[in-house]
Participant: 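Structure in structure tokens, see below.
Read the numbers this way: they start at 1 and go in the same order the structure lists the ligands and their atoms. No hydrogens, no waters, no symmetry mates; every other heavy atom, side chains included, goes into these values.
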Amino acid sequence: MEKANEMLALYNSLSRTEEPFKPLKKGKVGIYSCGPTVYNQAHIGNLRTYIFNDLLKRSLTYLGYTVRHVMNMTDVDDKTIKASQAKNIALGALTRNYEELFLADLTALNILHPTKITRATEYIPEMIELIQTLMKKKYAYKAQDGIYFSITKSKHYGQLANLEKQKATKERIKGDEYDKQHTHDFALWKFHVPEDGDVVWPAAFGPGRPGWHIECSAMSMKLLGTSFDIHTGAIDLLFPHHTNEIAQSEAATGKQFVNYWLHGGFLTMKEEKMSKSIGNILTLPELTKQGYLPVHYRYLCLQTHYRSPLQFSFENLDAAKQTYERIKRKIIELKATSHKGADKTKEYTQTFTQALRADINIPAALQIFLKTLEDVSFDSEKRLALLEQFDTVLGLDIKQMKEEKITLHSTIKALIAAREEARKTKQWAEADILRQRIKEAGFILTDTPQGPKVEKI
Ligand code: AMP
Ligand code: ZN
């Protein structure tokens with residue numbers, strides 16, 4: 001277990017500083033992650049955020065904590081309703097389909113599934129109860145189209161996003177009691193309108209559906225308690241989503257909702273956030289169709305700290321793929337090696353652990369993994385065991401790495417034979433051209449004393 005002088009430091013968006021991590025219950029951590037809105041296939045920007053969640057969770061586990069990780073599926077909101085109507089299928093059928101695709105993406109990326117997945121539509125009674133509490137405490141009021149949360153009643157509204165409350169107050173709008181009283185007041189509940197079709201739940205304050213923010217407050221508090229350790233999401237959720245989650249949860253319970261807020265940086269494409277509305281998205285199946293493995297994308301994400309923006313380009317992905325494949329070859333080699341050497345387990349473990357403790361510095365941890373891999377003076381068996389330990393955090397699945405039998409198409413075989421012939425007859429230029437053609441077909445050819453060796457790139 002962690003010693004006091006060996007504490008984990010986490011950057012907390014709430015204080016905008018790195019803070020020593022102190023869980024509410026010794027040795028245990030409760031994490032809530034905002035999950036996907038299941039109305040389309042997730043893009044690789046979304047998936048970067050789930051890789052970040054995974055690395056956080058795996059790091060905490062490595063450091064000795066027992067992690068309870070809850071993630072939701074936003075399966076009712078404007079977008080899901082619109083998509084189900086556009087496709088003329090029931091909301092539940094649409095969202096289940098995208099939920100399955102999302103979970104398949106997680107599996108493909110070696111992302112450990114959450115301890116508990118919550119669907120918003122399965123926690124409506126909890127949301128209604130929370131809204132009733134807020135109404136009783138006069139934090140919420142009824143307007144024409146729904147129940148709203150009054151931000152001016154909230155004590156520290158906007159602390160997370162560093163909003164100046166005064167500025168927000170100045171924007172107060174005129175209106176009678178049935179209007180939204182303030183521009184930043186947000187809907188806790190939206191009364192049923194004909195456009196919502198059959199998407200409606202009964203409630204004492206009027207039939208309708210929940211607002212997005214109340215969904216996460218109700219589900220996280222139900223499963224992790226009214227105060228819990230860590231809440232995650234990408235940086236765009238800081239305001240308004242997380243700001244509003246804090247306001248309504250703390251208004252209802254009178255307690256601090258979350259102790260540590262962790263936000264991941266964006267995946268960008270040419271300096272712009274990858275997003276559906278900009279139209280610059282790529283999905284995981286699109287990458288695999290182009291010959292990349294999901295783990296190549298995971299590797300790309302490991303190379304950048306979770307809070308920094310990550311610039312996506314195919315050049316970067318190609319580089320990540322090459323490094324990953326080189327690691328794979330080395331691991332396979334190491335598995336076949338048996339040579340006694342020094343035991344450096346302790347020193348490498350120490351630096352690896354230090355990297356994790358410095359706000360989950362995965363790029364630094366990855367460097368230590370690579371250094372360990374390359375250290376030929378380190379006993380081969382112990383080295384492999386340690387790398388497998390490190391991999392419980394990195395998730396490259398090195399235990400599964402083994403020589404793959406490759407079946408070569410006859411044209412590749414012909415190219416290899418022609419190159420051998422060119423080499424034997426000392427036609428070096430010709431041999432080089434043929435080697436290049438083999439490479440373009442996706443194979444690396446190396447000459448060994450036993451003859452040419454072919455590996456998939
Ligand atoms: P959504 O499905 O739109 O609710 O988004 C799911 C998650 O992906 C949220 O945590 C978003 O903040 C996050 N997200 C959206 N776009 C990006 C991006 N370009 N890079 C990283 N995370 C993103
Ligand atoms: Zn959320």
Side-chain angles (χ1 to χ4, degrees), residues 13 31-56 69-80 82-83 94-95 98-99 101-103 105-106 109 111 114 117-120 123 127 130 160-161 186 188 210-224 228 230-249 257-258 261-284 297-298 300-301 304-313:
S13 302
I31 309 179
Y32 182 86
S33 301
C34 288
T37 311
V38 273
Y39 74 110
N40 61 8
Q41 171 97 39
H43 59 70
I44 58 169
N46 302 132
L47 294 172
R48 179 187 182 201
T49 295
Y50 299 102
I51 292 175
F52 144 55
N53 291 335
D54 185 52
L55 293 169
L56 170 68
H69 181 213
V70 179
M71 182 176 75
N72 73 296
M73 295 285 155
T74 303
D75 63 349
V76 56
D77 77 330
D78 295 348
K79 291 180 201 152
T80 45
K82 271 199 196 115
L94 173 105
T95 56
Y98 288 112
E99 179 181 318
L101 292 178
F102 175 74
L103 294 176
D105 281 353
L106 297 195
L109 287 163
I111 295 175
I117 289 178
T118 59
R119 297 189 188 104
Y123 290 82
M127 295 168 201
L130 196 52
L160 178 72
F186 55 90
L188 298 164
W212 174 34
H213 315 307
I214 201 76
E215 295 184 357
C216 284
S217 282
M219 291 183 281
S220 60
M221 292 201 288
K222 167 88 178 176
L223 286 138
L224 294 168
F228 60 92
I230 302 178
H231 195 311
T232 72
I235 195 74
D236 57 339
L237 298 190
L238 205 123
F239 182 80
H241 186 49
H242 291 164
T243 297
N244 292 348
E245 270 190 58
I246 294 175
Q248 64 202 3
S249 305
F257 173 46
V258 172
W261 286 88
L262 269 61
H263 290 100
F266 284 146
L267 182 78
T268 60
M269 282 274 256
K270 299 192 181 92
E271 316 282 314
E272 273 187 309
K273 174 191 173 189
M274 179 175 284
S275 102
K276 201 179 175 210
S277 55
I278 298 174
N280 58 355
I281 61 167
L282 280 167
T283 63
L284 201 59
Y297 178 63
R298 182 179 176 100
L300 178 70
C301 292
T304 301
H305 187 263
Y306 79 87
R307 288 199 293 120
S308 306
L310 166 55
Q311 174 84 37
F312 180 86
S313 69

Participant: By number and element, which atoms of ligand 1 are closer than 4.0 Å to a non-hydrogen atom of M274?
Facilitator: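 Selected atoms, number and element: 16 (N), 18 (C), 19 (N).
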Participant: Which protein non-hydrogen atom lies closest to atom 7 (C) of ligand 1, naming both residue and atom, and how far is it?
Facilitator: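 It is Y50 OH, 3.4 Å.
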Participant: Considering non-hydrogen atoms of the protein only, which is the closest contact for atom 9 (C) of ligand 1, and what is the distance?
Facilitator: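 Atom 9 (C) of ligand 1 sits closest to the protein heavy atom L237 CD1, 4.0 Å.
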Participant: For T232 and H263, does a side-chain donor sit closer than 3.5 Å to a side-chain acceptor?
Facilitator: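 Not at all, the side chains of T232 and H263 share no donor-acceptor pair under 3.5 Å.
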Participant: Roughly how far, to the nearest 0.5 Å, is the CG atom of L130 from the OG atom of S249?
Facilitator: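 These two atoms lie 6.5 Å from each other.
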Participant: State whether the number of non-hydrogen atoms from other residues, nucleotides or ligands found under 6.0 Å of K273 atom NZ is greater than 12.
Facilitator: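 Counting other residues, nucleotides and ligands, NZ of K273 exceeds 12 neighbours.
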Participant: Can you list the ligand 1 atoms lying under 4.0 Å from a non-hydrogen atom of G265?
Facilitator: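 Reading through ligand 1 atom by atom, the close ones are 21 (C).
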Participant: Could you work out, with side chain to side chain donor-acceptor pair (under 3.5 Å) as the rule, every residue matching H241, not counting sequence neighbours?
Facilitator: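 Checked H241 against side chain to side chain donor-acceptor pair (under 3.5 Å); matches are H213, E245.
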Participant: At a 4.0 Å cut-off, with the gap strictly under it, does some heavy atom of D236 reach an atom of ligand 1?
Facilitator: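 Heavy atoms of D236 do come under 4.0 Å of ligand 1.
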Participant: Any idea which atoms of ligand 1 are less than 4.0 Å away from a heavy-atom of T49?
Facilitator: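 Matching atoms, with element in brackets: 10 (O), 13 (C), 21 (C), 22 (N), 23 (C).
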Participant: Do Q41 and T283 have side-chain N/O donor and acceptor atoms under 3.5 Å apart?
Facilitator: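 Distance-only check fails for Q41 and T283.
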Participant: Short of 2.8 Å from the Zn ion (ligand 2), name each protein N/O/S atom, waters not counted.
Facilitator: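 C34 SG, C216 SG, H241 NE2, with waters left out.
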Participant: Enter the distance from N244:CG to L237:CG here, rounded to the nearest 0.5 Å.
Facilitator: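 Result: 11.5 Å between the selected atoms.
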Participant: Pair M274, R48 - check side-chain contact (heavy atoms from CB on, under 4.5 Å), show working.
Facilitator: CA-CA 11 Å; M274 179 175 284; R48 179 187 182 201; over 6 Å; no
Participant: Name the option, out of L238, T37, N46, that contains the heavy atom nearest to atom 15 (C) of ligand 1.
Facilitator: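 Answer by nearest heavy atom: N46.
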Participant: Could you walk me through whether Q311 and M269 satisfy the side-chain contact (heavy atoms from CB on, under 4.5 Å) test, starting with their C-alpha distance in whole Å, then the side-chain angles of each, then the deciding distance to 0.1 Å, before giving a yes or no?
Facilitator: CA-CA 6 Å; Q311 174 84 37; M269 282 274 256; 5.6 Å; no
Participant: Are Y50 and N53 close enough, and set up right, to give a side-chain contact (heavy atoms from CB on, under 4.5 Å), and what steps lead you there?
Facilitator: CA-CA 5 Å; Y50 299 102; N53 291 335; 3.4 Å; yes
Participant: Would you give me the side-chain donor-acceptor pairs under 3.5 Å for residues 71-78, sequence neighbours excluded?
Facilitator:
residue	atom	partner	partner atom	Å
N72	OD1	Y32	OH	3.2
N72	OD1	G35	N	2.6
N72	ND2	T74	OG1	3.1
D75	OD1	A120	N	3.2
D75	OD1	T121	N	3.0
D75	OD2	T121	OG1	2.6
D77	OD1	K79	N	3.2
D77	OD1	T80	N	2.8
D77	OD1	T80	OG1	2.7
D78	OD1	R209	NH1	3.2
D78	OD1	R209	NH2	2.7

Participant: Checking F228 now: which residues fulfil ring-ring contact (aromatic ring centres under 6.0 Å, His included) with it, not counting sequence neighbours?
Facilitator: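 Per chain and number, F228 pairs via ring-ring contact (aromatic ring centres under 6.0 Å, His included) with F257.
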Participant: Could you tell me the residue and atom name of the protein heavy atom closest to atom 16 (N) of ligand 1, and the distance to it rounded to 0.1 Å?
Facilitator: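 The closest one turns out to be K273 CE, 3.5 Å.
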Participant: Of all the heavy atoms in H43, does at least one lie under 4.0 Å from an atom in ligand 1?
Facilitator: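 Distance cut 4.0 Å: H43 passes for ligand 1.
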Participant: Quick one: nearest non-hydrogen protein atom to atom 23 (C) of ligand 1, plus distance?
Facilitator: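 Heavy-atom neighbour on the protein nearest atom 23 (C) of ligand 1: G45 O, 3.6 Å.
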Participant: Give me the residue, atom name and distance of the protein heavy atom closest to atom 20 (N) of ligand 1.
Facilitator: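 Nearest neighbour among protein heavy atoms for atom 20 (N) of ligand 1, to 0.1 Å: L267 N, 2.8 Å.
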